[in-house]
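Working notes, beginning with the structure itself.
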Amino acid sequence: MASKIQSVKGTREFYPEQMALRNFIYEKVRGASQAFGYQEWDAPFIESIDLYAAKSGEELVKKQSFTFTDRSGDFVTLRPELTPSLARMIAAKQNELIYPVRWWSFGPFWRYESPQKGRSREFFQWNIDMLGVSSPEADAELIAVAATFLRSVRLSPELATIYVNNRRLMESEFDVLSIPQEKRLDVSNLVDRRSKMEPAKWDAYALELGLNDAQLNGLKDILGNFDLWKKSDELVRLFAALEALGVKDYVKFDPNIMRGLLYYTGTVFEAFDTSGSLKRAILGGGRYDNLLADVGGQPLSGVGFAMGDVVIGIILQEKGLLPEFIPSPAPILVTVFDESLMKESLSLSAELRSAGLNILCFPEPAKLQKQFKFADKMKVRVVLTVGPDEAANAQVAVKNLINGEQVTVKREAVVDIIRKIIK
RNA sequence: GAGGAUGUAGCUCAAUUGGCAGAGCGUCGCCCUGUGGAGGCGAAUGUUGCGGGAUCGUUCCCCGUCAUCCUCCCCA
């Protein structure tokens with residue numbers, strides 16, 4: 001055991017069963033994206049570290065990325081997020097793209113963090129963005145995409161909620177409290193941490209940051225005011241659009257949602273599982289209006305969100321919302337009666353495949369009992385046998401494993417009878 | 001980066017104060033020489049994560065190390 005080479009820490013191995021889960025998520029992601037007319041795209045998996053240095057936040061670049069030098073001595077990074085690549089690719093074709101651009105992507109990302117529940121070092125992430133429009137209705141569309149996804153995996157509004165806030169609204173509230181510009185970032189982090197800290201500790205931390213008592217109390221008033229959105233025209237329009245889109249039951253205003261990334265400028269949102277063991281965000285995103293300027297493009301606003309596959313996978317599993325992944329590689333098995341009839345089975349299999357059927361053919365002669373047991377374990381629905389009697393009369397024995405019935409038919413009738421059984 | 005828990009058969013777990021390493025499930029074979037699911041009988045699989053130490057003797061005690069899980073940090 002010890003001499004065996006283990007998988008790299010924080011990576012997951014996808015046996016067929018896990019692969020089915022990954023593909024299930026991918027399929028639902030594609031469904032929600034396409035329902036709103038988004039196009040699939042992707043970026044390189046390895047990028048220059050400089051791409052992330054500009055905007056992604058120090059923590060992400062310095063501590064959480066997989067970085068190494070290639071054979072020529074250049075620094076390269078396994079991508080920890082997609083947005084900088086998106087910004088570059090958009091900027092490169094900024095004048096030829098047709099706006100609004102609606103793109104989505106589902107691919108691998110890497111972050112060098114200590115693995116724990118809901119977090120691995122290698123994960124898959126859904127990214128979806130709309131660029132070139134800055135209306136609240138565009139924000140609403142992205143939230144509706146998220147809600148459509150949640151609905152499609154049978155996470156009802158009682159099980160998962162999307163919490164929404166707006167950074168511009170918070171900025172104007174901070175103005176009222178006379179919180180100085182240079183403290184805004186710290187205060188944002190403070191707000192972000194409120195749910196994770198004990199109230200007394202949180203107060204102490206706030207004062208430590210240099211807030212006075214009046215500012216602290218004012219901040220608490222803001223964070224407890226769930227009608228605050230009415231003061232924001234953007235949010236009023238957003239909620240009206242969400243209602244018209246039929247997803248309002250998934251969405252709640254929450255002034256405590258801030259999000260860590262620096263580049264958000266307007267509406268921000270985060271979806272949480274409301275009842276499970278995992279207190280992690282399922283997905284999160286928001287509006288960013290200055291992103292392209294940093295990679296040399298003209299100003300272009302966008303809105304988007306990201307969702308990792310790990311958290312959503314655990315939630316769906318815990319709630320029993322996954323379909324049963326039957327590991328049936330094909331619905332039909334062709335047995336091999338004995339050495340002399342091997343070729344009969346091979347040619348029958350080939351014939352059926354060219355008729356469009358997926359066929360599993362036993363790869364060596366073996367006792368029929370063994371082959372039927374194999375068929376049963378593989379959840380095959382139909383077993384075909386060509387024994388000496390069938391071969392002599394150009395026939396095939398067709399057994400339906402669901403009800404146990406077996407008939408012997410002419411070889412040219414096999415396709416039809418199989419289609420009837422597996423339909 | 002800091003802290004905690006756990007490593008025994010393919011899986012889930014036992015093993016009395018330190019005294020021959022076990023069970024259930026699964027796997028395979030046979031009962032059953034042209035047919036799966038049920039049943040009966042039987043078999044295989046272990047450097048007890050790895051390395052050292054103390055001991056007549058260790059799965060058990062001590063030290064180190066690696067891995068996994070959890071918490072903090074941070075984030076998706």
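Residue numbers begin at 1 in each chain, while the letters A, B, ... track the order of the sequences.
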With a 3.5 Å cut-off and heavy atoms only, can you find an N or O donor on one side and an acceptor on the other between the side chain of Gln406(A) and the base of G34(B)? no
Could you tell me how far U16(B) sits from C72(B) if I compare only their P atoms? Round to whole Å. 36 Å
Please give, in whole Å, the distance from G37(B) C1' to Phe374(A) CZ? 16 Å
Hunt down the Watson-Crick or G-U wobble partner of A14(B), both distances under 3.5 Å, from any strand shown, or write none. none
Please classify the nucleic acid contact of Lys399(A) as base, sugar-phosphate, or nothing, using heavy-atom distances under 4.0 Å. base
Could you tell me whether Phe75(A) atom CZ has more than 12 heavy atoms of other residues or ligands within 6.0 Å of it? no
From the options U35(B), C30(B), C75(B), select the nucleotide whose nearest atom is closest to the side chain of Arg111(A). C75(B)
In whole angstrom, give the distance that lies between atom CD of Glu122(A) and atom C1' of A76(B). 15 Å
Atom-to-atom span, NZ of Lys367(A) to C1' of G36(B) - whole angstrom: 14 Å
Would you kindly give the CD-to-C1' distance between Glu113(A) and G1(B), to the nearest whole Å? 13 Å
From the list A76(B), G34(B), G36(B), which nucleotide is the closest neighbour of the side chain of Ala281(A)? A76(B)
Would you mind classifying the nucleic acid contact of Phe337(A) as base, sugar-phosphate or nothing, using non-hydrogen atoms under 4.0 angstrom? base
Over all strands shown, is Asp389(A) touching base, sugar-phosphate only, or nothing at heavy-atom distances under 4.0 angstrom? base
If I pick the C1' atom on A38(B) and the same atom on G46(B), what distance separates them, to the nearest angstrom? 32 Å
Atom P, compared across C32(B) and A23(B): separation rounded to whole Å: 28 Å
Separation of A76(B) atom C1' from Ile315(A) atom CD1, nearest Å, is 12 Å
Does C61(B) pair with anything, Watson-Crick or G-U wobble, both distances under 3.5 Å, and if so, with which nucleotide? G53(B)
Within the 4.5 Å heavy-atom criterion, are Leu300(A) and Ile90(A) side-chain neighbours or not? yes
Ionic contact status for Arg12(A) with Glu122(A), cut-off 4.0 Å: no
Euclidean distance for C1', G18(B) against U55(B) (whole angstrom): 9 Å
State whether the aromatic ring of Phe123(A) stacks on the base of A76(B), taking stacking to mean ring centres under 5.5 Å apart and ring planes under 30° to each other. yes
Pairwise side-chain contact, Leu352(A) with Leu384(A), heavy-atom cut-off 4.5 Å (strictly under): yes
Looking at every strand, decide which applies to Thr408(A) at a 4.0 Å heavy-atom threshold: base, sugar-phosphate, or nothing. nothing
For the pair Lys220(A) and Asp203(A), find out whether any cationic side-chain nitrogen is under 4.0 Å from an anionic carboxylate oxygen. yes
Just checking Gln371(A): base, sugar-phosphate only, or nothing, at a heavy-atom cut-off of under 4.0 Å? nothing
For the pair made of CD1 in Ile312(A) and P in C75(B), what is the distance, rounded to whole Å? 21 Å
Taking the six-membered ring where the residue is Trp, are the ring centres of Phe305(A) and Trp126(A) under 6.0 Å apart? yes
Between U45(B) and C62(B), how far apart are the P atoms? Round to whole Å, please. 33 Å
Taking a pair to mean Watson-Crick or G-U wobble geometry with both distances below 3.5 Å, A5(B) pairs with U68(B)
Please report the distance separating the C1' of C20(B) from the corresponding atom of G34(B), rounded so that it comes out in whole Å. 49 Å
Determine which nucleotide pairs with U47(B), using a 3.5 Å limit on both distances of a Watson-Crick or G-U wobble pair. none
Remember a base hit wins even if backbone is also touched, and classify Glu405(A) as base, sugar-phosphate or nothing at under 4.0 Å, heavy atoms. nothing
Could you state the CD1-P distance from Ile257(A) to C75(B), rounded to the nearest angstrom? 13 Å
In whole angstrom, what separates Asn400(A)'s CG from U35(B)'s P? 18 Å
If you assign Met307(A) and Gly404(A) each to the RNA chain B nucleotide with the nearest heavy atom, which residue ends up on the more 5' nucleotide? Gly404(A)
Using a strict cut-off of less than 4.0 Å between a Lys/Arg side-chain nitrogen and an Asp/Glu carboxylate oxygen, indicate whether Asp289(A) and Arg167(A) qualify as a salt bridge. no
Rounding to an integer number of angstrom, what distance separates A15(B) and G22(B) when you compare their P atoms? 14 Å
Of C70(B), G34(B), C32(B), the nucleotide closest to the side chain of Gln369(A) is C32(B)
Starting at the 5' end of RNA chain B, which residue's closest nucleotide do you reach first, Asp309(A) or Ile402(A)? Ile402(A)
What nucleotide among G36(B), A76(B), G34(B) has an atom nearest to a side-chain atom of Gln125(A)? A76(B)
Hunt down the Watson-Crick or G-U wobble partner of C32(B), both distances under 3.5 Å, from any strand shown, or write none. none
Side-chain N,O (Lys377(A)) to OP1/OP2 (C28(B)) below 4.0 Å: yes
Considering only the C1' atoms, how many Å lie between U47(B) and U27(B), rounded to the nearest integer? 23 Å
Establish, for the pair Arg184(A) and Phe174(A), whether the NZ or CZ atom is under 6.0 angstrom from the six-membered ring centre and no further than 45 degrees off its axis. no
